[in-house]
Each structure stands twice: as C-alpha cells, then as structure tokens.
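Model, not experiment: these values are computed from the prediction. Chain letters run A, B, ... following the sequence lines, proteins first and then strands; every chain starts at 1.
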Protein chains: 2
Amino acid sequence: MANRRASITDLAKALNLSTSTISRALADHNDVSEATKKRVRELAEELSYQPNQLAAALRRGRSNTLGVLVPHITGNFFPQVVNGIALEASKAGFNVMICQSNEDVKQERKNIDLLMNSQVEGILVSVSNTTQDFGHFDAVRSQDVPLVFFDRIVEGFRGNNVSAVMLDDYQGAYQLVSHLIEQGCTRIAHFTGPLHINIHKNRHQGYRDALTAHGLEIDEDLISVMELNQKTGTAAMKRMLKQSNVPDAVFASNDLAAVGAMQAAKAQGLRVPQDMAIAGFSNEVFTSLTEPTITTVDQGCETMGISAVRLLQKMLNGNPDRQAQPRNVVLRPKLLVRESSLRKPE
Amino acid sequence: MANRRASITDLAKALNLSTSTISRALADHNDVSEATKKRVRELAEELSYQPNQLAAALRRGRSNTLGVLVPHITGNFFPQVVNGIALEASKAGFNVMICQSNEDVKQERKNIDLLMNSQVEGILVSVSNTTQDFGHFDAVRSQDVPLVFFDRIVEGFRGNNVSAVMLDDYQGAYQLVSHLIEQGCTRIAHFTGPLHINIHKNRHQGYRDALTAHGLEIDEDLISVMELNQKTGTAAMKRMLKQSNVPDAVFASNDLAAVGAMQAAKAQGLRVPQDMAIAGFSNEVFTSLTEPTITTVDQGCETMGISAVRLLQKMLNGNPDRQAQPRNVVLRPKLLVRESSLRKPE
DNA sequence: TTGAAAGCGCTAACAA
DNA sequence: TTGTTAGCGCTTTCAA
C-alpha cells in the first residue's frame with residue numbers, strides 16, 4: 001500500500017547514477033547519453049515517478065504559478081474572466097492559483113498573503129466591494145511581484161509593476177443608447193446602480209452624453225438610482241409608467257433590472273419593443289432566453305482575462321522591454337442588438 | 001526597489017538569534033520567551049516577512065493543499081460546487097488548487113499530474129465527458145492520495161482511498177413527476193438527453209417509475225431523446241403538439257430544454273401551466289426569471305462541495321477511524337415548485 | 001530558553 | 001558524459 005512517492009534519489013540509487021544525472025535525464029538535457037536517458041525514463045515510468053514541484057520551485061526560486069483573486073467564483077462574469085486567465089496562463093506555461101474574497105476585505109488580505117506565501121510570480125486581482133484600505137497591495141508592490149488589476153481596479157494605485165485592464169463602460173452605454181435613439185426612441189429612461197460605483201457612474205455618463213450628442217434633452221425624471229435587480233427593475237418601471245412623461249425605452253445598467261422592467265411593461269399591456277424598448281448590460285445567459293430576447297452589451301469577459309495575463313507577462317522578469325511603463329488596457333465592449341430593442345428591420 | 005523577500009535567515013542575522021528560534025517564535029511555540037517572540041514579530045512585521053510555504057511544505061512533507069478538477073469553471077453548476085469545496089476546505093485550513101479539464105481527457109490527465117506534482121493532499125474530481133480510460137487515476141490511487149469523485153463519478157473505480165458523492169437524480173425526477181401528477185397532469189412528456197449518460201438515465205427512470213407508481217401508462221411517443229438545449233426543446237415541443245396524443249405537461253431533463261418547450265407552447269397559444277405544465281431540472285438562474293417562472297429541481301451544489309471535502313477528510317492520514325470503509329454519499333435534491341406547474345392553489 | 005545540525009527533493013555550478 | 005557539492009527556506013530532533 002502506501003507506496004511512498006519515488007524521488008530522484010530513489011531513481012539514482014536504483015540505477016547507480018547520481019541525482020544530477022537523473023535530473024538532467026528527466027529534463028532531457030543534451031549532455032546525457034541517449035542510453036542513460038532511456039534507462040532513466042523507463043524506470044521513472046515504472047515507479048510512476050512524479051517530480052516534486054515544491055522542491056523544484058524552491059530550488060529554482062520560481063514557482064511557475066500565477067495567483068488570481070476574484071470577489072466570487074460563481075456568477076457569470078468572473079468565472080469567464082478566470083477562464084480567459086487560465087487559458088492564457090496555461091499557454092505561457094503557468095499554473096494558476098484561484099482565490100475568492102467573497103467581497104470581504106479580510107478574506108482579500110488573507111488571500112493576498114496566501115498567494116505571496118505561495119511564491120506566485122504575479123497576481124491578478126479584482127478587488128472586493130468593501131475594500132477601502134489597500135495596504136495589503138503595498139506588500140505585493142514592495143516585493144516587486146507584478147500586479148494586474150482587472151475590472152475592479154484601484155484608482156491611483158500606481159507602481160513600476162502595476163497594470164490594469166478594464167472595460168470601457170462609458171463606450172458601451174454610449175453605443176447602446178445611440179442604438180436606441182436610432183430605433184426612434186426619444187424618451188429613454190435609465191435605471192442605474194449607486195453612482196459612486198465606477199461601472200455605474202461610467203455607464204450613466206455614457207447615457208447622458210449619447211442623449212446630448214443626439215440632441216435629446218436629459219430628463220432627470222427618467223433616471224432612477226437603485227440597487228439593480230429584477231424586483232427593483234419591475235418597481236421602477238411601474239413607477240415610471242404612472243408618470244406624466246412615460247418613457248418609450250429603458251436602458252438598465254444591468255440585465256436583471258432589464259428583465260424586471262420588461263416584465264412590468266408587458267404586464268401593463270405594453271408591447272416590447274414597439275411601445276417600450278428594453279436594453280440591459282452584461283450579456284447574462286438569460287438575456288437570450290427571455291421573450292423577447294434582450295438587447296445588451298457583451299463585456300468580452302474572456303478577452304479581459306487574456307489581456308490581464310498578457311499585461312502581467314510584460315512585467316515579468318526576463319522580459320526585454322520590461323523598462324517600458326506597464327500599460328493600462330481599456331477594452332471595448334460589444335453591443336448585442338436583440339429583439340427587445342429592434343423596431344426597424346435591420 | 002526589488003526588495004528581496006525577507007527570510008528566516010535574515011531575521012536571525014538581524015536579531016542575532018538562530019533560525020530555529022525564529023522559526024519557533026513565529027510559530028508561537030511556548031518554549032520561546034515572550035520577549036524574544038516580541039522582538040521577532042516586530043522585525044518580521046517591519047520587513048514584511050512572508051513565510052515561504054514552498055519550503056515549509058517541502059520540509060514538512062505536507063502541502064496543506066487540496067486539488068480540485070472540474071470539467072469547467074464556468075456555467076452554473078461547477079462554480080457553485082467549487083464554492084462549497086473552497087468554503088469547507090478553508091474551514092479545515094486547506095488551500096485549494098483548481099483546474100479545469102475542458103471536457104478533454106488529455107487535459108484531465110495533465111491536470112492530475114500537475115496536482116500530484118504539487119503534492120496535494122487529496123483530490124476532488126468530476127470527470128470529463130470524454131474520459132473512457134481511467135489510468136491517470138490509478139496513479140493517484142497507488143500513491144495513496146485520497147480521491148473523491150463528485151457528480152460525475154467513475155463507476156466501479158474502487159479503492160481504499162476513493163469515495164464518491166453524487167446526486168440522487170432518480171429521486172429528483174420521481175418527486176418532480178409525482179408533483180406534476182398531483183397537479184392533475186396525466187399525459188406527461190419527457191425530454192431527455194442521451195440515455196448512456198448517467199444523470200439522464202436516472203432521471204428518465206425516475207420519470208417512468210413515478211408514472212407507474214401512480215397508475216399511469218408510459219407512452220413512448222411522449223418520450224423524446226435529444227441533445228438538450230433551448231432549440232431542441234422548442235422543436236420537440238412543436239413536434240409533440242402535432243401528435244394525436246398531445247401532452248398536458250413536459251418534464252425536461254434540463255432547464256434550457258424546459259424554457260424552449262415553454263416558449264413553443266406559449267407560441268401555440270397554450271397557457272402555462274393550465275394547458276401545459278412545464279418543469280426542468282437544475283435550478284438554473286433563469287428559471288426564476290422567465291414568465292411564468294419554471295418549476296425545477298435544485299441540486300444543492302454547495303452541499304455537494306461540502307460533502308465532498310468532508311468525505312476527503314475522512315480519508316486523510318491522522319483520521320482515527322480511517323480504517324472504516326470510505327463511504328459514498330448520495331444527496332437528495334430539492335423540488336422547487338414554481339408557476340409553470342402550479343395549477344392548484346397550494 | 002536557545003542553538004547546532006541535518007535534511008525535505010530538487011537543480012546547477014564546477015570538476016572530473 | 002557523469003559526479004560532487006552546495007544550497008533554496010524551512011522545521012525539527014538533539015544537545016546545551
């Protein structure tokens with residue numbers, strides 16, 4: 001039973017060779033004879049030898065591992081980004097260690113410690129909502145471990161080895177609202193989340209600027225700030241339908257609120273999109289399952305993960321143009337026009 | 001800049017103490033004077049000392065890490081299970097290393113190797129669809145690393161240190177179909193995935209047995225085997241509505257197909273649930289966003305993750321009753337009755 | 001209460 | 001082409 005794992009030393013003893021020869025043979029160095037390599041490989045196979053990465057990493061001073069820290073590993077957005085990260089990291093020969101903060105600063109701090117202790121060669125992080133103090137990132141920065149913030153970035157946190165990748169929420173909203181205007185909507189309501197949150201602030205600004213750019217007035221009565229979910233979306237829609245100035249479209253800053261709004265509109269007998277166009281943001285799975293399907297903005301989650309890793313690679317030791325200031329990347333989201341906003345044939 | 005990470009040796013030199021004393025002080029051993037501990041801790045803080053887990057793990061022969069291998073880290077199900085795993089593992093003081101196979105045996109094999117090389121103390125795995133050969137798990141078993149299969153298990157793969165946790169799909173389906181019958185449905189169609197896949201086989205059997213138990217005949221014309229998604233659900237529903245024996249309910253083996261079926265029914269002017277009751281399986285997010293909301297079966301994903309870790313712990317060294325045969329756990333799913341099947345007031 | 005010394009498994013100079 | 005030796009950073013006996 002308890003087959004102790006075979007080590008290089010075991011192989012060396014069995015074959016009457018030194019550990020260095022074994023090590024070199026396994027690494028396929030070219031200063032080992034083919035004959036020896038063959039013997040080593042065969043025995044390794046037979047004993048189902050597994051190299052001990054811990055030892056190798058310790059010796060090399062390189063763990064070959066990247067750390068990822070996200071608020072959640074559930075939901076739609078983060079798993080997809082992490083997927084992108086895992087994909088790109090694996091291409092570059094890195095393993096990935098994934099942690100979640102559960103939107104809790106304490107957890108976040110603990111996880112950063114964990115990642116640092118695990119000697120990761122770089123860290124990709126999307127900060128928790130509740131994070132106000134960023135001291136734990138100082139440790140990362142001061143030890144010169146490359147750090148990439150994605151999606152939820154820490155404004156003003158600069159450093160030699162700090163980059164960021166984010167989404168151009170402003171552009172996404174701008175495009176979306178422009179599309180609604182082109183469809184003939186003139187009284188476009190906006191359901192937004194708390195405006196101190198970046199993504200909502202930016203989407204909101206995109207909304208305002210798109211209206212202005214197309215010569216439409218901004219009607220503050222058509223703007224509603226709330227915690228965005230299905231219930232609040234429904235409630236806000238109901239409220240607006242009682243106003244004197246009823247909207248002919250709703251742009252909700254997330255898809256859940258859009259669904260809620262759509263359901264309320266339909267419940268009042270309005271046709272979507274003819275009487276009321278609806279649009280959301282994020283391209284959640286369910287937006288293509290509702291009736292009608294919901295126009296939204298795709299965030300290219302995977303692309304974000306990929307970009308983040310590439311940014312990180314630029315900062316890693318051994319990169320020739322490492323001197324160059326690490327760049328920040330802003331990704332363009334993609335408008336997805338679906339039934340809920342399409343009044344005119346395309 | 002490049003603040004080399006402080007090591008115990010550094011602390012020892014700076015304080016004129018031996019590395020062993022430092023190590024003990026940091027570990028809060030009680031054979032170190034409080035005064036010394038204080039000095040050590042303060043300096044450690046000042047130099048923002050981070051213990052090197054690689055070295056500690058190597059020395060101890062314990063990595064304190066569990067490995068998780070899932071087909072995907074996206075979607076609804078697996079992230080939630082992984083969440084449960086992470087939760088419970090963290091409680092027990094374990095870190096978690098997460099890998100995805102992307103439903104590819106090769107990746108799966110590579111990942112198992114990676115986990116073994118990383119000296120994980122146990123592995124939790126849900127096997128890829130395409131896995132036919134299970135040789136890579138032999139390595140795990142023979143090295144006596146505890147192995148827990150969850151959800152997608154390998155039938156007949158037994159071992160001293162192998163357990164499994166799965167869902168009682170049969171029961172879930174049985175309950176669900178019984179519910180439909182209680183609601184007055186008598187011609188219940190079943191949309192199922194390929195029957196060589198376990199979950200579908202079991203759900204299908206639950207369906208059949210529930211009908212029989214309630215004295216209903218099984219009509220093979222009401223059973224449709226397909227790749228389950230929204231499109232195929234729609235198509236199957238349309239087909240059935242043209243049959244002579246039109247169903248009055250549909251139990252789809254996943255939620256996507258249920259949505260598709262519901263949309264087709266509504267498109268034909270049928271009322272859901274009055275004319276056609278609809279039910280799915282898995283409690284995907286969107287099932288509570290459709291109109292009407294969809295009756296489904298919740299799989300208790302998090303619970304599955306938690307159970308898996310507990311099962312693993314039972315097999316770890318140091319467990320007193322480790323001798324006891326590792327158990328397999330079967331979890332009870334939970335019926336969620338929603339609007340799409342509720343004909344009678346509750 | 002502290003220190004000396006060994007060694008986890010591996011790699012990489014340097015030597016032969 | 002192979003071996004010798006040292007050491008990555010840590011923990012842990014054993015001795016003082």
(request) State plainly whether the residues B:Arg41 and B:Glu45 are in salt-bridge range, i.e. N to O under 4.0 Å. (result) no
(message) Without decimals, in angstroms, what is the distance between B:Lys13 NZ and C:dT2 C1'?
(response) 19 Å
(message) What is the distance, to the nearest angstrom, from the CD1 atom on B:Ile22 to the C1' atom on D:dT11?
(response) 14 Å
(message) Taking side chain to side chain contact (heavy atoms under 4.5 Å, CB included) as the definition, give me every residue that meets it alongside B:Thr303, ordered by chain and number, with sequence neighbours left out.
(response) B:Ser307, B:Leu331
(request) Give, ordered by number, those residues of residues 40-66 of chain B having at least one heavy-atom distance below 4.0 Å to an atom of DNA chain C; if nothing qualifies, reply none. (result) B:Leu58, B:Arg59
(message) Measure CG/A:Leu15 against P/D:dT1 and give the value in whole Å, please.
(response) 18 Å
(message) Rounded to whole Å, how long is the line connecting atom CG of B:Asn30 with atom C1' of C:dT2?
(response) 14 Å
(message) Nearest whole Å is fine: how far is D:dT1 C1' from A:Asn16 CG?
(response) 16 Å
(request) Determine, for B:Arg141 against B:Asp138, whether the closest basic-nitrogen to carboxylate-oxygen distance falls under 4.0 angstrom. (result) yes
(request) Go through the steps to decide whether B:Leu114 and A:Asn95 satisfy the test side chain to side chain contact (heavy atoms under 4.5 Å, CB included), and finish with yes or no. (result) CA-CA 9 Å; B:Leu114 170 63; A:Asn95 304 321; 3.2 Å; yes
(request) Taking only heavy atoms on the protein side, list every residue of residues 109-120 of chain A lying under 4.0 Å from any atom of DNA chain D, sorted numerically. (result) none
(message) If I take atom CZ in residue A:Arg39 and atom C1' in nucleotide D:dT2, what distance separates them, rounded to the nearest angstrom?
(response) 12 Å
(request) Take A:Met116 and A:Val140 through the side chain to side chain contact (heavy atoms under 4.5 Å, CB included) test and state the conclusion after the steps. (result) CA-CA 7 Å; A:Met116 292 298 285; A:Val140 180; 4.0 Å; yes
(request) Using only heavy-atom distances, determine whether the side chains of B:Gln53 and B:Asn64 contain a donor-acceptor pair under 3.5 Å. (result) no
(message) If the condition is side chain to side chain contact (heavy atoms under 4.5 Å, CB included), which residues does B:Pro71 pass it with, not counting sequence neighbours?
(response) B:Phe78, B:Ser101, B:Glu103, B:Ser126, B:Arg152
(message) If the helix axis at each end comes from five base pairs, how far does the helix from C:dT1-D:dA16 to C:dA16-D:dT1 deviate from straight, to 10°?
(response) 40°
(message) It should be established whether A:Thr21 places a side-chain nitrogen or oxygen under 4.0 Å from OP1 or OP2 of nucleotide D:dG3.
(response) yes
(message) Using ring centroids (six-membered ring only for Trp), state whether A:Phe149 and A:Phe157 fall under 6.0 Å.
(response) yes
(request) Return the set of residues passing salt bridge (Lys or Arg N to Asp or Glu O under 4.0 Å) with A:Lys110 (not counting sequence neighbours), or none when no residue passes. (result) none
(request) Using only heavy-atom distances, decide whether a donor-acceptor pair under 3.5 angstrom links the side-chain of B:Arg5 to the base of D:dG9. (result) no
(message) Any donor-acceptor pair, under 3.5 Å, between the side chain of B:Ser20 and the base of C:dA4, if you only look at N and O atoms?
(response) yes
(request) For the side chain of B:Asp31, starting at C-beta, report the closest nucleotide among D:dT11, C:dC14, C:dT1. (result) C:dT1
(request) Answer yes or no: is there an ion pair linking B:Glu34 with B:Lys37, defined by an N-O contact shorter than 4.0 Å? (result) yes
(message) Among D:dG3, D:dT11, C:dA4, which nucleotide has an atom closest to any side-chain atom of B:Ser18?
(response) C:dA4
(message) I need the CD1-P distance between A:Ile8 and D:dG7, as an integer number of Å.
(response) 19 Å
(request) I would like to know whether B:Cys99 and B:Gln107 meet side chain to side chain contact (heavy atoms under 4.5 Å, CB included); could you show each step before the answer? (result) CA-CA 9 Å; B:Cys99 305; B:Gln107 269 297 323; over 6 Å; no
(request) Could you state the atom-to-atom distance from CG of A:Leu17 to P of D:dT4 in whole Å? (result) 11 Å
(request) Kindly compute the distance separating OG (A:Ser20) from NE2 (A:His29), expressed to the nearest 0.5 Å. (result) 11.0 Å
